[in-house]
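Reviewing the structure listed below.
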Amino acid sequence: MARVFSGIQPSGVITLGNYLGALQHFVARQYEHEAFYCIVDLHALTLPKDPAVLREQVKILAAVYLAAGIDPQRATLFVQSQVPEHSELAWLLQCMSYLGELSRMVQFKEKAEGKDSVAVGLYTYPVLQAADILLYDTSLVPVGEDQRQHIELCRDIALRFNQRFGDVFVVPEHQVAKLGARIMSLDEPTKKMSKSNPVPASYISLLDTPEQIQKKIMRAVTDVGSEIKYDPEHKPGVSNLLVINSLSSGRSMAVLEEIFAGRGYGDLKKDTASVVIAVLEPIRREVYNILQSTDLDAVLAEGAAKARAVASVTLRRVQEAMGVR
Ligand code: AQP
């Protein structure tokens, strides 16, 4: 059975973008493949974090994974820092990665922009991500569009390694959905929706109440003109709402364009808010149930043990190939 691996950073409560572009696909893949899903807390350290907040966000993210439908009997759910093989392999792979290729990473440029001091970890983070993926002999990595470049880098590193040391790594493929792989910010629809955006009106979080969702969508920035049609280049705000609506309601873009022909942006917003609430409200309620009733530490400890059993074998193979064991 092919292996699937993916992760989410506990850098804030996850957004509708993370859910539509990634998490809902993780849930679907667990029925088809052997799946490993990670809370990548070491990645979250690339930008300053309060330790207590980080611990809380790890817990909430674990509850969100479960509430969204990840079944720990099917998929291995674990926290990255509880499997030390990730950090060890990352060092070995850093010795196989080049400054030039890391300098081309768009996410690094965006996150480093305008900052006086930038942590080295922010620069080398895609190599840690490559280690995350390669440790599990992963074939498929479901991700949103923003991670495509990092998965390509991971493939390059794996191919380079295999060329030099023999067939040590499985070379993974990314899986990026056709629709919803880049949900845009509600207040600036030319920018990606992000959980660490300091402006809460820019994103819908999975813990937003129905009232908050309604308010944020009704205030979403739309475009000049009044026609409701899918045209991301000329109508980024309306197109973003149409994508969110389509993925939340299961109606195709053509059906939505027909439904909203001749109607105003206000109607589109009201309808979009109601279909998003229908998807997210049961998850939000379940998150609180899980936080009260489930021993998340036990679930994560079991996941870490299962993950280590696989990761330690791969790490040993790599160490032997490189001559450090
Ligand atoms: N706006 C988005 N639309 C669709 N997919 C998205 N993803 C992120 N933003 C969108 C996908 O969600 C998964 C988890 O992302 P991550 O936590 O690893 O980090 P990220 O890609 O940097 O996401 P954020 O929300 O923007 O986090 P911060 O603000 O901390 O940087 C990935 O598969 C990602 O592609």
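Counting starts at 1 for both ligands and their atoms, following the listed order.
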Just let me know how [X] lines up against ligand 1, side chain, backbone, both or neither, with a heavy-atom cut-off below 4.0 Å.
{"X": "Lys111", "value": "side chain"}
{"X": "Arg182", "value": "backbone"}
{"X": "Ser6", "value": "neither"}
{"X": "Ala22", "value": "side chain"}
{"X": "Ser11", "value": "side chain"}

Note: [X]-[Y] ion pair, threshold 4.0 Å (strictly below):
{"X": "Asp146", "Y": "Arg182", "result": "no"}
{"X": "Arg316", "Y": "Glu320", "result": "yes"}
{"X": "Lys229", "Y": "Glu257", "result": "no"}

Any chance the rings of Phe5 and Tyr136 have centres within less than 6.0 Å?
-> yes
Pair His86 and Phe78, ring centroids less than 6.0 Å apart = yes
Around [atom], find the nearest protein heavy atom and jot down its residue, atom name and distance.
{"atom": "atom 7 (N) of ligand 1", "value": "Asn18 ND2, 3.5 Å"}
{"atom": "atom 28 (P) of ligand 1", "value": "Ser196 OG, 3.4 Å"}
{"atom": "atom 21 (O) of ligand 1", "value": "Asp146 OD2, 2.5 Å"}
{"atom": "atom 16 (P) of ligand 1", "value": "Lys195 NZ, 3.6 Å"}

Please report whether ligand 1 has a polar contact with [X], defined as an N or O pair separated by less than 3.5 Å (distance criterion only).
{"X": "Gly144", "answer": "yes"}
{"X": "Glu145", "answer": "no"}
{"X": "Ser194", "answer": "yes"}
{"X": "Ile183", "answer": "yes"}
{"X": "Phe26", "answer": "no"}

Ligand-side contact atoms (ligand 1) for residue partner Gly21, heavy atom cut-off under 4.0 Å |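 Selected atoms, number and element: 4 (C), 5 (N).
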Provide the number and element of each atom of ligand 1 under 4.0 Å from a heavy atom of Gln107.
->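 Listed by number with element: 21 (O), 22 (O).
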Considering only heavy atoms, which of Gly17, Ala44, Cys38 lies nearest to atom 4 (C) of ligand 1?
-> Gly17
Kindly identify the option in Lys192, Met193, Lys191, Gln9 whose heavy atom sits closest to atom 23 (O) of ligand 1.
-> Lys192
Start with the C-alpha gap between Arg284 and Thr209, add the side-chain angles, then the distance that decides, and say whether side-chain contact (heavy atoms from CB on, under 4.5 Å) holds.
-> CA-CA 8 Å; Arg284 186 179 76 96; Thr209 61; 3.7 Å; yes
For Gln149 and Arg104, indicate whether the former's side chain and the latter's backbone hold a donor-acceptor pair under 3.5 Å.
->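 Yes; at least one donor-acceptor contact below 3.5 Å.
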When you measure from the side chain of Glu281 to the backbone N and O of Ala278, does any donor-acceptor pair fall under 3.5 Å?
-> no
Sub-4.0 Å heavy-atom contact, [X] with ligand 1:
{"X": "His43", "value": "no"}
{"X": "Thr15", "value": "no"}
{"X": "Gly180", "value": "yes"}

Assign the ring pair Phe26 / Tyr37 to parallel, tilted or perpendicular, where the plane angle (0 to 90°) is split at 30° and 60°.
->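 Parallel, since the angle between the ring planes stays under 30°.
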Grab the two heavy atoms, one from Tyr123 and one from Leu99, that are nearest each other, plus how far apart they are.
->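 That would be OH-O, 2.7 Å.
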Of the non-hydrogen atoms in Leu241 and Lys269, which two are nearest, and what is the gap between them?
->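 What the structure gives for the nearest pair is CD1-CG, 3.8 Å.
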Taking the six-membered ring of Tyr203, is NZ or CZ of Lys216 closer than 6.0 Å to its centre and within 45° of its axis?
->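 Judged by the rule, Lys216 and Tyr203 form a cation-pi pair.
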Step-by-step side-chain contact (heavy atoms from CB on, under 4.5 Å) determination, His43 to Gln129 = CA-CA 8 Å; His43 288 283; Gln129 189 176 4; 3.8 Å; yes
